[in-house]
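Right, one structure below, let's go through it.
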Number of protein chains: 2
Amino acid sequence: MSQQRHGSTPGNAPGDRAGAVAAFPDLPEATIARLPEYLRALHNLGDTGSDTISSEGLAAAAGVNSAKLRKDLSHLGSYGTRGVGYDVTLLIEQIEYVLGLHQRRAVCLVGLGNLGHALAGYDGFASRGFKIVALFDADASKVGEEVDGLTVRHIEDLGRVAVEENIAIGVIATPAGAAQAVADVLVDAGVTSILNFAPCVLSVPANVDVRKVDLAIELQILSFHEHRKASLIALPGGRSATADDQEAVGS
Amino acid sequence: MSQQRHGSTPGNAPGDRAGAVAAFPDLPEATIARLPEYLRALHNLGDTGSDTISSEGLAAAAGVNSAKLRKDLSHLGSYGTRGVGYDVTLLIEQIEYVLGLHQRRAVCLVGLGNLGHALAGYDGFASRGFKIVALFDADASKVGEEVDGLTVRHIEDLGRVAVEENIAIGVIATPAGAAQAVADVLVDAGVTSILNFAPCVLSVPANVDVRKVDLAIELQILSFHEHRKASLIALPGGRSATADDQEAVGS
DNA sequence: AGGCGCTTGTGAAGGCGTGCACAAATCGCG
DNA sequence: CGCGATTTGTGCACGCCTTCACAAGCGCCT
């Protein structure tokens, strides 16, 4: 789908520049973070729904406030139809274009431990606009291994391969100790976006974007809420009330 | 470490309530989300550093502004020493207590596909306050399998086991289609915090906290920034400039 | 053709978070 | 004992984001 010519994407008619791309009306970061949610909801609805969707309906499917959704979409100049709603197909195209998903992006993955293996085989990447085109590891014993149709290469080759394959996004799934070194190599190779799963802070040039996913942090945030809930219950309440300040796992 | 009696945690001396726990001064969500970062940085520094750390130093290690860090710490009534800094050990204890990490929390994991296997073996959970005590899957062919020292059980047993093991946190690593059903089972079993890796919106009662991690969304956000950067370069620039509106992966 | 109901798009207000800049406090040294 | 250097804790202002509420626009039905 969305095989259409994207140069004709609507919404950039009036104030467009030279012959370049769209000239983004610098969207708020919060909006950008939600666009992928809308996109996912739209794809789900596209299969089993009608041609159009109201802001109310889409907002419910994406789990957000409908006013927020409308404002988000209005930011990217999207045209809904008053009294009707948004054209599902058109909206999908618009969002995909803004997110730069009209082209399939090449991604490389560094670090093939536990998590790396899982990421290499994760369907969600392929089905949502990305293609892992290379795997790297520093461990010689892993180099040469075949993972999900790709051969693991030594990280030394990263620079060359990144240029050959035009890789702009790198995923770091190494231990924390190795992450900064890997990031440096990625930056040197021309990668300008990094998704970091290692629990550490990366320092990179200003033109490089880094996003971090730390699984333990997510759990710790939940732990806080557990702690809070348990302490609010105070005396009454269920089994977790008194147990909270004792032990949870068992001695 | 932090084996001490936590009832004596300082900072709640003046306005404490009955005999209950701490009575949190409802911290801002943004602060809560950063506390785990500080904690990680502190652990790193604790190994190779001095007894105290300045807000400047810790902020650098955690990748945030130092004023923000001070404000965050002040919210939880932490006592640093002016002219000196924060006592590393004490601060670790404080943050761990606030996050509810003074006890090791029992976690169960549902869904042992690619990602589930990786999560089951992820060191970061064990080393940062959590213990996976049970694995579940709906696929009969996976039940009985041994993964990282635990035997995979059928999801039917979740209710019973959750109560037995006093599980308050559940991790969903199933396909999107199964996630809501799993969430319902978890909620029924008394789980009040869910970490959801499935790309879908979960609907749960108000007293249940859900955090979502969607790997593809992170990449899509990076993709947007790639797209934006590429379009800003316009004409000059590197290899990715002209390639952006063509193809990235190769025909 | 006209009116009515529905939905989008947006102005305005309120809340939250951030970062500056400085007062208050503590330590060390002379 | 007092002074200066250093660092925390925080008042304040600014900007972003969210949410409400409503006018404007569109289609359908009569």
Side-chain angles (χ1 to χ4, degrees), chain A residues 10-11 13-14 24-38 41-42 45 49-91 94-95 98 221, chain B residues 10-15 24-38 41-42 45 49-91 94-95 98 221:
Chain A
F24 296 106
D26 59 311
L27 312 181
E29 270 295 319
T31 295
I32 296 162
R34 281 188 296 266
L35 288 181
E37 304 267 9
Y38 303 154
L42 283 166
L45 267 57
S50 62
D51 259 2
T52 63
I53 179 80
S54 71
S55 66
E56 200 79 33
L58 183 54
V64 302
N65 183 297
S66 70
K68 182 153 47 177
L69 178 134
R70 286 198 298 276
K71 187 152 287 188
D72 283 341
L73 294 185
S74 78
H75 278 142
L76 45 91
S78 159
Y79 298 160
T81 320
R82 300 178 174 206
V84 178
Y86 298 91
D87 182 288
V88 173
T89 313
L90 178 63
L91 195 51
Q94 285 235 15
I95 295 179
V98 170
I221 294 172
Chain B
N12 56 347
F24 296 106
D26 58 311
L27 311 181
E29 270 296 317
T31 294
I32 297 162
R34 281 187 295 267
L35 288 181
E37 305 268 7
Y38 303 153
L42 282 167
L45 267 57
S50 62
D51 257 3
T52 63
I53 179 79
S54 71
S55 67
E56 200 80 33
L58 182 54
V64 302
N65 182 297
S66 70
K68 181 154 46 179
L69 179 134
R70 285 198 299 276
K71 188 156 290 189
D72 283 342
L73 294 186
S74 78
H75 278 143
L76 46 91
S78 161
Y79 299 159
T81 323
R82 299 181 175 203
V84 177
Y86 298 90
D87 181 288
V88 173
T89 312
L90 178 64
L91 195 52
Q94 284 236 14
I95 295 179
V98 169
I221 294 172

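Every chain is numbered from 1, with letters handed out A, B, ... down the list of sequences.
Place B/Thr81 and A/Thr31 on DNA chain D by their nearest nucleotides, and B/Thr81 ends up nearer the 5' end. Each of A/Ile53 and B/Val84 was matched to the nucleotide of DNA chain C holding its nearest heavy atom; the match closer to the 5' end belongs to A/Ile53.
Rounding to whole angstrom units, CG of residue B/Asp51 and C1' of C/dC27 are separated by 16 Å. The OH-P distance, from B/Tyr86 to C/dA25, rounds to 16 Å in whole Å. Between the CZ atom of B/Arg82 and the P atom of C/dA25 there is a distance of 6 Å, rounded to whole Å.
When the side chain to side chain donor-acceptor pair (under 3.5 Å) test is applied to B/Ser55, the partners found at least two apart in sequence or on another chain are B/Arg70. Taking the side chain to side chain contact (heavy atoms under 4.5 Å, CB included) definition, one finds that A/Ser54 meets it with A/Glu56, sequence neighbours left out. A/Ala61 meets the side chain to side chain contact (heavy atoms under 4.5 Å, CB included) test with A/Ala41, A/Leu45; sequence neighbours excluded.
Between A/Ser50 and A/Val88, the shortest heavy-atom contact is O-CG2, 4.0 Å. Between A/Tyr79 and A/Leu90, the shortest heavy-atom distance links the atoms O-CD2, 4.4 Å. The two residues A/Leu27 and A/His75 make their nearest non-hydrogen contact at CD2-O, 3.8 Å. Between B/Ile53 and B/Leu58 the shortest heavy-atom distance is CG1-N, 3.7 Å.
Of the residues in residues 62-72 of chain B, those placing a heavy atom less than 4.0 Å from an atom of DNA chain D are B/Arg70, B/Lys71, in numerical order.
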Could you pull out all donor-acceptor pairs under 3.5 Å where a side-chain atom in residues 28-35 of chain A meets a protein atom, sequence neighbours excluded?
unit_1	atom_1	unit_2	atom_2	d
A/Glu29	OE2	B/His225	NE2	3.2
A/Thr31	OG1	A/Asp72	OD1	2.6
A/Arg34	NE	A/Tyr38	OH	3.3
A/Arg34	NE	A/Asp72	OD2	2.6
A/Arg34	NH2	A/Asp72	OD1	3.1
A/Arg34	NH2	A/Asp72	OD2	3.2

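Within the nucleic acid shown, A/Ser78 comes within 4.0 Å of sugar-phosphate atoms alone, with no base atom in reach, counting heavy atoms only.
Running 5' to 3' along DNA chain D, contacts with non-hydrogen atoms of chain A at under 4.0 Å begin and end at D/dC17 to D/dG27.
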